[in-house]
2 protein chains.
Amino acid sequence: MPLSREKIAATAIRLADAHGLDGLSLRKIAKELGVGPMRLYDYVGNKSELLDLMVDVVYARIAEVGQRDGWRATVLAIAHATREAALDHEWFSDLLGGRPHLGPHALAVGEATAAGLSAAPGVRDIDDLQRAVGALNAFIIGAVRREVTERRTTRSTGTDEAAFQASLGPYLTRMLKTGRYPTVARLVIDGAHLNAEETFKHNLTTVLDGITSQSRT
Amino acid sequence: MPLSREKIAATAIRLADAHGLDGLSLRKIAKELGVGPMRLYDYVGNKSELLDLMVDVVYARIAEVGQRDGWRATVLAIAHATREAALDHEWFSDLLGGRPHLGPHALAVGEATAAGLSAAPGVRDIDDLQRAVGALNAFIIGAVRREVTERRTTRSTGTDEAAFQASLGPYLTRMLKTGRYPTVARLVIDGAHLNAEETFKHNLTTVLDGITSQSRT
DNA sequence: GTATCTGTGGATACACCGTACGCTAGTGAG
DNA sequence: CTCACTAGCGTACGGTGTATCCACAGATAC
């Protein structure tokens with residue numbers, strides 16, 4: 001059985017997609033590949049390195065969005081591709097931002113993002129660019145993390161109102177009845193369940209508008 | 001030895017502060033408290049519940065910022081308190097956003113944030129509020145996660161330029177020499193190391209400005 | 001006083017994890 | 001043929017979360 005980093009990573013991704021990071025172990029990967037667990041160490045130094053490799057494989061997909069017409073379209077495309085990738089590989093959102101991502105594809109995505117933002121109005125010098133990259137990446141990391149968490153919660157509590165009421169609902173209902181959280185109550189009770197993709201897009205635009213309207217502080 | 005959830009959580013927080021979440025185990029907590037590990041299960045259902053409890057203890061501290069004059073000052077204070085808490089308890093940034101945080105203190109912080117934002121210009125109805133809360137929380141989660149990651153990286157690679165050059169630097173230098181990442185290279189080589197607190201504040205302002213300048217879409 | 005029951009808490013065990021290390025078999029060179 | 005090296009597997013170690021059982025002490029009933 002010939003092995004390679006790519007093959008190990010692909011198997012790991014498949015297992016993580018199916019079972020999450022908690023369900024991913026080197027033994028399981030090895031078993032899936034029909035080899036002994038220690039074989040994997042010929043190709044990856046340790047589990048952490050394997051996780052980094054998996055992240056970079058996902059970044060390879062994000063990097064495929066390519067150049068768009070104009071900085072804004074480019075940055076938007078990258079952000080949306082990141083979100084799509086995280087929804088397809090939910091474990092990615094658990095890892096995103098948790099370590100420096102320096103694989104070749106992560107660097108390529110970082111380059112495309114930074115190059116795009118460097119052309120944005122409001123970004124006048126290297127400091128501006130650093131702040132803008134930071135703001136955008138912070139938003140993306142946080143937004144996909146929250147969205148994946150919400151999907152997982154919905155999945156584990158049921159996808160309809162009745163199932164929610166049966167599990168998390170009683171506790172939350174009891175807390176909201178205290179009257180201590182009126183705005184949260186309004187959000188939970190009255191809040192339409194906004195379309196996630198449109199929310200992401202809207203808030204991404206909010207952040208970009210904030211970046212482009214920045215005056216020198 | 002009388003136990004309580006509070007005592008267990010406080011011990012867990014102390015251990016996690018010292019050793020990170022990877023260095024936290026129920027056995028170690030139990031040992032620190034001088035009891036058998038299974039004793040903890042009289043007070044917390046499982047490890048996951050303990051982590052949620054720890055998160056809510058940190059939120060109790062964030063909730064202490066109290067009301068400020070005006071929505072903006074309130075929201076800024078909460079965001080800064082969240083960052084401070086995450087810097088004091090770095091494991092908090094690993095958990096933030098990864099599960100719904102519904103403890104009483106987390107709800108209190110959520111309430112203060114939402115109530116503040118509901119008074120912001122640009123937030124006209126419940127949908128606007130939901131999007132604004134989402135954008136702000138996404139930013140905060142992402143920003144503290146990135147900042148803590150950067151601190152950890154700096155700590156593990158050394159705090160000066162020579163140590164960085166000795167560890168991560170060779171790989172990154174080699175990658176940047178390829179010429180494939182010119183903007184990233186500029187950021188790494190020319191980029192001043194911006195003050196983290198000021199960057200957070202600046203970018204937080206950017207997001208809030210984006211929120212308040214939103215026209216109906 | 002003795003016997004029995006109940007509750008508390010520790011000990012043991014299980015299934016699993018990442019990774020160190022040793023051993024064996026096969027292959028190639030001399 | 002013998003020896004050395006390499007590839008790969010098996011075993012082991014120290015650790016994890018959590019299930020389960022047992023012993024002991026105290027309380028209660030007779």
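Convention: sequence-line order gives letters A, B, ...; per-chain numbering from 1.
Sorted by residue number, the list of members of residues 47-58 of chain B with any non-hydrogen atom under 4.0 Å from DNA chain C is empty.
Within the structure, every side-chain polar atom (N or O) of K28(A) is placed at least 4.0 Å from both OP1 and OP2 of dC16(C).
With rounding to whole Å, L21(B) atom CG is found 20 Å from dC17(C) atom P. Atom pair L26(A):CG and dC13(D):P shows a separation of 20 Å (rounding to whole Å applied). Across the protein-nucleic acid pair, R27(A) atom CZ and dA12(D) atom C1' stand 10 Å apart, rounded to whole Å. Here the P atom of nucleotide dT18(D) and the CG atom of L40(B) are 10 Å apart, to the nearest Å. As a whole-Å value, the separation of H19(A) NE2 from dC17(C) C1' is 16 Å. Rounded to an integer number of Å, the gap from OH of Y41(B) to P of dC21(D) is 17 Å. The distance from atom CG of D42(A) to atom P of dA20(C) is 13 Å, rounded to the nearest whole Å. Counting to the nearest Å, the P atom of dG17(D) and the NZ atom of K31(B) are 15 Å from each other.
Scored by the side chain to side chain donor-acceptor pair (under 3.5 Å) test, N46(A) finds no partners at all (sequence neighbours excluded).
Summary for the helix from dG1(C)-dC30(D) to dG30(C)-dC1(D): the axes at its two ends, each from 5 pairs, differ by 40° when rounded to the nearest 10 degrees.
The listed nucleotides are dT19(C), dG10(C), dC17(C); the one nearest the side chain of V35(B) is dG10(C).
Counting only heavy atoms from C-beta outward, the side chains of R174(B) and K177(B) never approach each other to under 4.5 Å.
R146(B) CZ to F200(B) CZ: the interatomic distance, rounded to the nearest 0.5 Å, is 12.5 Å. Taking CD1 from I126(B) and CG from L187(A), the interatomic distance works out to 4.5 Å, rounded to the nearest 0.5 Å.
K28(B) contributes no side-chain N or O that, together with a main-chain N or O of L15(B), makes up a donor-acceptor pair within less than 3.5 Å. Judged by distance alone, with hydrogens and angles left aside, the side-chain atoms of K7(B) form a donor-acceptor pair with the main-chain N or O of P2(B) at under 3.5 Å. A donor-acceptor contact shorter than 3.5 Å links the side chain of T74(A) to the backbone of R68(A). R151(B) contributes a side-chain N or O that, together with a main-chain N or O of L87(B), makes up a donor-acceptor pair within less than 3.5 Å.
Comparing M38(A) and G23(A), the nucleotide of DNA chain C nearest to each residue sits closer to the 5' end for G23(A).
A donor-acceptor contact under 3.5 angstrom links the side chains of T183(B) and E111(A), judged on distance only.
A donor and an acceptor atom never sit less than 3.5 Å apart when one is taken from the side chain of R39(B) and the other from the base of dG10(C).
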